[in-house]
Amino acid sequence: MTGVAEATAQSVAEAARLLRDGQLVAFPTETVYGLGGDATNESAVAAIFEAKGRPEFNPLISHVLDSDEAKRFVQWNETADKLAARFWPGPLTLVLPRSAGSPISLLATAGLDTVAIRAPSHPVAQALIRAAGLPIAAPSANRSGAISPTRAEHVAESLGERVPLILDGGPCLVGVESTVLDLTGATPTLLRPGGATREAIEAVIGPIAVSDALPSGDSARKSPGQLESHYAPARPVRLGATSVGADEGLLAFGANVPQGAMLTYNLSPSGDLAEAAANLFAQMRLLDRPGIGRIAVMPIPETGLGLAINDRLRRAAAGDGKDRGR
Ligand code: AMP
Ligand code: MG
């Protein structure tokens, strides 16, 4: 059952224990309440998507204490340094390339080679990150389609019993989401407007670009046409496979796996959708390699996390292979 607990040293310690154990915790940040899980644990991140009931995987922000910690997970640069000095801790998320060997979950970045990272200023968020000793992946703590929660009661209403512990740190002060700024290209690009204004950012690093695909609000994402926005394998993808060819790599699901593929990975031999979500991006990458002509994917049920898994697989199948980056 769900517990809403006033944030104290004791409840924060309990929340940290849950996070280290792979469970979820809702916690306040200065922007909105986040639904947090261990950003390095694929299963914990799958549980976030499951609890939100979102029919697609969007990349999540990893929350850290400061830029020193961020450097363990991303390739840091001078622009990031200037921005972090001015805005961190605070409502500015930076998108940077994954560092070599970055332990951030592939599901947390929706398979991308970039990581969105931010250091929140809310003392409860900071205490939780410190106590857990982990980067925390956290989207807003609401069911998909519901508005972002700025009080612990909103989280309890929206997520009900889906989250074991909600830390109550009072109302959020900023109340809008963090600004998301992409630093992976030649010109820093605003992907989502938010708590840190464009003017304030430009005062620090000069002119920035604004993404064409910029819608406002929760679902702001780069458009599907932009190659950075979706991981897609370079090889063609065939869905609904019940038999397999010798030139194919098979992404299997469940117990009845057709034989004869060049290489097979099973998303979940027991047919568990959360396990399948946790394995999805890693296994797609393992199959997307020279010698394999095509990736065949067994049918995945269209229920629960299966909706997001199938959404991602359909996008992968719709791509023509070329120009689709890792
Ligand atoms: P939320 O978790 O609801 O605050 O939303 C996270 C925002 O960050 C969404 O707009 C994502 O599309 C964006 N985002 C997260 N990771 C990345 C990434 N690696 N590249 C581009 N945008 C990202
Ligand atoms: Mg949201």
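As the structure is a computational prediction, the values presented were derived from the model and not from experiment. Order of listing sets the numbers, starting from 1, for every ligand and every atom in it. The first residue in the sequence is number 1, and the count goes up from there.
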Worked verdict on N142 versus S140 for side-chain hydrogen bond (donor to acceptor under 3.5 Å, both in side chains): CA-CA 6 Å; N142 52 277; S140 54; 2.7 Å; yes

Any donor-acceptor N/O pair, Q75 side chain to R98 backbone, under 3.5 Å: yes

Ligand 1 versus T114: contacting region, heavy-atom distance under 4.0 Å: both

Any N or O of E177 closer than 3.5 Å to N or O of ligand 1: no

Salt bridge (charged side-chain N to carboxylate O under 4.0 Å, His left out) between R314 and D311, worked out: CA-CA 5 Å; R314 276 191 290 271; D311 170 75; 5.4 Å; no

Close-contact set for ligand 1 against L191 heavy atoms, below 4.0 Å: 21 (C), 22 (N)

Candidate pair T179 and R118, rule side-chain contact (heavy atoms from CB on, under 4.5 Å), full reasoning: CA-CA 10 Å; T179 301; R118 128 175 148 86; over 6 Å; no

Parallel, tilted or perpendicular: ring planes of W88 versus W76, cut at 30 and 60 degrees: tilted

T93, portion touching ligand 1 at heavy-atom distance under 4.0 Å: neither

Pairwise side-chain contact, P135 with T40, heavy-atom cut-off 4.5 Å (strictly under): yes

Side-chain donor or acceptor of T31 paired with backbone N/O of E177 under 3.5 Å: no

D182 heavy atom under 4.0 Å from ligand 1: no

Selected option - heavy-atom contact closest to atom 16 (N) of ligand 1, from G194, A116, S211: A116

Per-atom contacts, ligand 1 versus P139 - under 4.0 Å to a heavy atom: 2 (O)

Those atoms of ligand 1 less than 4.0 Å from some heavy atom in V180: 8 (O)

T109 heavy atom under 4.0 Å from ligand 1: no

